[in-house]
K.L.:
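Sharing a structure here in structure tokens format.
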Amino acid sequence: MISRIDLRGDALPEGTALRDLLPRAEFDVAAALEKVRPICEDVHHRGDAALIDFTERFDGVRLDQVRVPAAALSRALEELDPAVRAALEESIRRARIVHRAQRRDTHTTQVVPGGAVTEKWVPVQRVGLYAPGGRSVYPSSVIMNVVPAQEAGVESIALASPAQAEFNGLPHPTILAACALLGVDEVYAAGGATAVAMFAYGTESCAPADMVTGPGNIWVAAAKRYFTGKIGIDAEAGPTEIAVLADDTADPVHVASDLISQAEHDPLAAAVLVTDSVELADAVEKELEPQVAATRHVDDRIVPALSGKQSAIVLVDGVDEGLRVVDAYGAEHLEIQTADAAAVADRVRNAGAIFIGPWAPVSLGDYAAGSNHVLPTGGCACHSSGLSVQSFLRGIHIVDYTKDALAEVAHHVVTLAEAEDLPAHGAAIKARFGWKVPDSK
């Protein structure tokens with residue numbers, strides 16, 4: 001069901017050579033970009049009419065309007081299963097605790113007497129958030145997008161999720177209920193690239209946003225790439241992935257269940273076990289079969305995901321080598337199931353989120369750890385972070401110098417300007433002192 005890659009014996013290669021040995025899903029955003037380009041431009045030119053036409057084409061339902069009526073949000077919350085409501089409320093509560101602690105304070109640094117630089121953190125004014133709605137419904141993604149934006153102080157928050165023919169063209173009612181719980185009343189029945197284009201360009205019913213965040217399929221990723229530079233984006237999120245670094249202390253039942261938990265998202269989902277224990281590898285492989293047989297989404301998601309080229313059991317010589325492998329892989333979700341797991345986790349450099357030990361599975365982080373589950377995929381954890389309050393903030397430097405403080409450093413400024421052959425830069429200093437360079441003190 002799952003392949004093996006044996007990296008034991010020889011010294012591990014460095015950098016890209018090691019990454020090239022590791023399993024990874026094929027996710028050609030560049031090819032998808034050419035297909036979403038005309039869709040995005042049609043939304044640009046025809047606005048809501050294009051959104052309605054594309055929704056009929058892709059989602060099989062003809063909308064009367066793109067914006068979800070307030071009454072539909074209220075009704076969704078009223079009809080929500082009480083147990084699901086309680087779970088969502090607890091997820092929101094925990095997410096607020098974590099994300100509220102991420103707020104940044106304005107800080108002033110006195111560089112010299114009379115010269116100060118203040119860093120002020122300002123939220124973007126308007127964001128468009130995306131909650132997927134294809135193979136599964138993700139009210140948890142509503143929480144993971146909305147909470148950090150609210151805690152950052154974003155004034156205007158809109159959310160889009162695909163129209164569902166089953167619900168008369170509205171997004172899934174659990175999505176709508178989550179929005180109502182969070183106080184988000186601007187919601188649109190729009191999916192994929194059309195939703196990103198709506199937020200980027202604006203339409204008759206939706207004002208343009210400064211930034212778009214949220215997970216999605218390849219079409220969402222391609223649209224985000226198309227609009228990079230016009231709007232802010234969080235990341236080009238690809239198929240979900242889990243890597244587990246484990247030794248012979250790990251429980252194979254736990255490891256197998258965690259691999260399956262992410263494989264059920266998508267046939268392109270990646271499930272990777274990195275271990276120095278052949279015994280554990282054998283036990284996990286044996287455990288996969290009965291657990292897969294006992295769950296749902298087997299033939300359309302789990303089996304293709306586990307058997308695909310993006311998933312594997314990777315054998316290494318030891319935990320040190322395993323750390324090198326998982327750092328090269330840069331997993332969205334990384335579980336550490338080894339002896340002294342906290343110390344091992346502390347040595348990890350590249351991961352979207354790290355889950356320590358047997359009692360912190362990825363599923364906890366997906367819903368109720370308090371952490372955010374909108375995380376970098378496809379190795380992007382080597383240079384990018386997950387969604388947070390910081391994602392919605394911009395740091396602005398405020399420079400405040402007196403005449404004496406400028407005079408003290410003026411000769412250095414003029415010298416550097418002349419060294420870069422930018423005499424007008426130096427002249428802007430001299431103009432303030434009678435076209436002379438003040439004597440340094």
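Owing to the predicted nature of the structure, the values given are computational and were not obtained by experimental measurement.
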K.L.:
If I compare all heavy atoms of Ala221 with all of Phe27, which pair ends up nearest, and what's the gap?
P.N.:
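Nearest pair, atom of Ala221 first, then Phe27: CB-CE2, 4.1 Å.
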K.L.:
Without swapping roles, check the side chain of Ser257 against the backbone of His254 for a donor-acceptor pair under 3.5 Å.
P.N.:
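Yes, because the side chain of Ser257 sits within donor-acceptor range (under 3.5 Å) of the backbone of His254.
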K.L.:
For side chain to side chain contact (heavy atoms under 4.5 Å, CB included), just list the numbers for Asp42 and Phe54, CA-CA rounded to whole Å, side-chain angles, deciding distance to a tenth of an Å, and then say yes or no.
P.N.:
CA-CA 10 Å; Asp42 197 14; Phe54 283 125; 3.5 Å; yes
K.L.:
Looking just at side-chain N and O atoms, do Gln337 and Asp258 make a donor-acceptor pair shorter than 3.5 Å?
P.N.:
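Judged by distance alone, the side chains do pair up.
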K.L.:
Would you find a donor on one side and an acceptor on the other, under 3.5 Å apart, between the side chain of Asp210 and the backbone of Arg126?
P.N.:
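Yes, because the side chain of Asp210 sits within donor-acceptor range (under 3.5 Å) of the backbone of Arg126.
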K.L.:
Identify which one of Asp320, Leu21, Val325 satisfies the side chain to side chain contact (heavy atoms under 4.5 Å, CB included) criterion when paired with Leu12.
P.N.:
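With Leu12 as partner, side chain to side chain contact (heavy atoms under 4.5 Å, CB included) holds for just one option, Val325.
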K.L.:
Looking at Asp327 and Asn350, would you say the former's side chain and the latter's main chain have a donor-acceptor pair under 3.5 Å?
P.N.:
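Answer holds: yes.
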K.L.:
Hey, is the main chain of Ala235 close enough, under 3.5 Å, to the side chain of Lys224 for a donor-acceptor pair?
P.N.:
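Side chain of Lys224 to backbone of Ala235: a pair is present.
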K.L.:
Which value, rounded to the nearest 0.5 Å, describes the distance between Arg104 atom CZ and Gln390 atom CD?
P.N.:
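Taking CZ in Arg104 and CD in Gln390, the distance rounds to 4.5 Å.
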K.L.:
Answer whether the closest heavy-atom distance between the side chains of Val146 and Leu129 falls below 4.5 Å.
P.N.:
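When only atoms from C-beta onward are counted, Leu129 and Val146 do touch, with a gap below 4.5 Å.
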K.L.:
Do the side chains of Glu78 and Arg75 get close enough for a salt bridge, i.e. N-O under 4.0 angstrom?
P.N.:
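Not counted as a salt bridge, because no side-chain N and carboxylate O are separated by less than 4.0 Å.
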K.L.:
For Arg8, enumerate each residue passing the side chain to side chain contact (heavy atoms under 4.5 Å, CB included) test, keeping only those at least two apart in sequence or located in another chain.
P.N.:
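Counting only residues at least two positions away or on another chain, Arg8 forms a side chain to side chain contact (heavy atoms under 4.5 Å, CB included) with Asp6, Val278, Leu315, Asp317.
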K.L.:
Could you go step by step and tell me if Arg67 and Glu186 meet the side chain to side chain contact (heavy atoms under 4.5 Å, CB included) rule?
P.N.:
CA-CA 7 Å; Arg67 183 161 179 174; Glu186 187 181 349; 3.8 Å; yes
K.L.:
So does Arg296 pair up with Glu264, basic N to acidic O under 4.0 Å?
P.N.:
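Salt bridge between Arg296 and Glu264, a charged N being under 4.0 Å from a carboxylate O: no.
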K.L.:
Quick one: does Leu375's side chain get under 4.5 Å of His333's, heavy atoms only?
P.N.:
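Touching, per the 4.5 Å side-chain cut-off.
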K.L.:
Is the distance from the ring center of His265 to that of Tyr138 below 6.0 Å?
P.N.:
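Aromatic pair counts; centres sit under 6.0 Å.
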K.L.:
Report yes or no: do Thr240 and Glu332 form a side-chain donor-acceptor pair below 3.5 Å?
P.N.:
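Per modelled atom types, Thr240 and Glu332 side chains form a pair under 3.5 Å.
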K.L.:
Between Glu41 and Arg37 (salt bridge meaning N to carboxylate O under 4.0 Å), is one present in this structure?
P.N.:
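Judged by the 4.0 Å cut-off on N to carboxylate O distance, Glu41 and Arg37 do not form a salt bridge.
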K.L.:
I'd like to know if the side chain of Thr338 and the backbone of Asp247 have a donor-acceptor N/O pair within less than 3.5 Å.
P.N.:
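Judged by distance alone, no pair lies under 3.5 Å.
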K.L.:
Would you give the length of the straight line joining atom CG of Asp64 to atom CD1 of Ile52, rounded to the nearest 0.5 angstrom?
P.N.:
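Spacing of CG (Asp64) from CD1 (Ile52) equals 7.5 Å.
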K.L.:
Hey, are the side chains of Met211 and Ile233 touching, using non-hydrogen atoms and a 4.5 Å cut-off?
P.N.:
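Result no, sub-4.5 Å side-chain heavy-atom pair not found.
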K.L.:
Are any side-chain N or O atoms of His373 and backbone N or O atoms of Asp366, one a donor and one an acceptor, separated by less than 3.5 Å?
P.N.:
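Indeed, once roles are kept as given, a pair shorter than 3.5 Å links the two residues.
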K.L.:
Give me the atom names and distance for the closest heavy-atom approach of Val127 to Ala149.
P.N.:
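Scanning both residues completely, I find the closest heavy atoms to be CG2-CB, 4.3 Å.
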K.L.:
How far apart are the C-alpha atoms of Arg85 and Glu89, what are their side-chain angles, what is the distance that settles it, and do they pass the salt bridge (charged side-chain N to carboxylate O under 4.0 Å, His left out) test?
P.N.:
CA-CA 6 Å; Arg85 176 169 183 159; Glu89 288 175 337; 3.0 Å; yes
K.L.:
Do other residues, nucleotides or ligands put more than 12 heavy atoms under 6.0 Å from the CZ atom of Phe58?
P.N.:
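Yes, enclosed.
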K.L.:
Does the side chain of Glu166 come within less than 4.5 Å of His172's, by heavy atoms?
P.N.:
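Side-chain contact under 4.5 Å: no.
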K.L.:
Given side chain to side chain contact (heavy atoms under 4.5 Å, CB included), test Asp346 with Val348 step by step and report yes or no.
P.N.:
CA-CA 6 Å; Asp346 194 50; Val348 173; over 6 Å; no
K.L.:
If every non-hydrogen atom of Val274 is compared with every non-hydrogen atom of Gly322, which pair is closest and at what distance?
P.N.:
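In terms of heavy atoms, the two residues are closest at CG1-CA, 3.8 Å.
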K.L.:
Drop me the distance from Leu159's CG to Tyr188's OH, to the nearest 0.5 angstrom.
P.N.:
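Going from the CG atom of Leu159 to the OH atom of Tyr188 covers 10.5 Å.
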K.L.:
With side chains defined as the heavy atoms from C-beta onward, is the minimum distance between Val142 and Leu182 less than 4.5 Å?
P.N.:
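A side-chain contact exists here, since the closest heavy-atom pair is under 4.5 Å.
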K.L.:
What do you reckon, are the aromatic ring centroids of Tyr201 and Phe227 less than 6.0 Å apart?
P.N.:
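That pair passes the under 6.0 Å test.
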K.L.:
Does Arg62 reach the side chain of Glu56, with side-chain heavy atoms less than 4.5 Å apart?
P.N.:
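Arg62 reaches Glu56 side chain to side chain.
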K.L.:
What do the steps show when you test Leu18 against Tyr329 for side chain to side chain contact (heavy atoms under 4.5 Å, CB included), and what is the final call?
P.N.:
CA-CA 9 Å; Leu18 178 53; Tyr329 186 73; over 6 Å; no
K.L.:
Please report the interatomic distance CD1(Ile92) to CE(Met144), rounded to the nearest 0.5 Å.
P.N.:
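Between Ile92 CD1 and Met144 CE, I get 10.0 Å after rounding to 0.5 Å.
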K.L.:
Quick check: does any side chain N or O of Asn217 sit under 3.5 Å from a backbone N or O of Val220, one acting as donor and the other as acceptor?
P.N.:
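Judged by distance alone, yes, a pair lies under 3.5 Å.
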K.L.:
If you compare all heavy atoms of Pro215 against all heavy atoms of Tyr130, which two are closest, and at what distance to 0.1 Å?
P.N.:
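Between these two residues, the closest heavy atoms are O-CD2, 3.1 Å.
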K.L.:
Is any side-chain heavy atom of Gln262 closer than 4.5 Å to one of Glu241?
P.N.:
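In short, these two side chains do not touch, never coming nearer than 4.5 Å.
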K.L.:
Is there a donor-acceptor contact under 3.5 Å from the side chain of Arg94 to the main chain of Gly370?
P.N.:
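Checking the backbone N and O of Gly370 against the side chain of Arg94, no donor-acceptor pair under 3.5 Å is found.
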K.L.:
Roughly how far, to the nearest 0.5 Å, is the CD1 atom of Ile157 from the CD atom of Gln125?
P.N.:
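Going from CD on Gln125 over to CD1 on Ile157, the span is 12.5 Å.
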K.L.:
Determine the minimum heavy-atom distance between Ala160 and Ala190, stating which atoms define it.
P.N.:
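Scanning both residues completely, I find the closest heavy atoms to be CB-O, 3.7 Å.
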K.L.:
Can a side-chain donor-acceptor contact be found between Ser391 and Asp234 if the only test is distance below 3.5 angstrom?
P.N.:
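Not at all, the side chains of Asp234 and Ser391 share no donor-acceptor pair under 3.5 Å.
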K.L.:
Would you call Leu73 and Val187 a side-chain contact if the rule is heavy atoms closer than 4.5 Å?
P.N.:
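With C-beta onward as the side chain, the pair touches.
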K.L.:
Between Asn145 and Leu387, what is the shortest heavy-atom contact and its length?
P.N.:
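Taking Asn145 first and Leu387 second, the nearest heavy atoms are OD1-CD2, 3.8 Å.
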K.L.:
Is there a donor-acceptor pair closer than 3.5 Å between any side-chain N or O of Glu321 and the backbone N or O of Gly318?
P.N.:
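Yes; judged by distance alone, with no hydrogens or angles, the pair exists.
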K.L.:
Could you tell me whether the side chain of Ser311 and the main chain of Gly308 form a donor-acceptor pair under 3.5 Å?
P.N.:
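No; zero donor-acceptor contacts below 3.5 Å.
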K.L.:
Would you say CD of Glu26 has more than 12 non-hydrogen atoms from neighbouring residues, nucleotides or ligands within 6.0 angstrom?
P.N.:
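Result for CD/Glu26: open.
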K.L.:
Nearest 0.5 Å, please: how far is CD1 in Ile175 from OG in Ser140?
P.N.:
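Answer for the OG-CD1 pair, Ser140 versus Ile175, is 8.0 Å.
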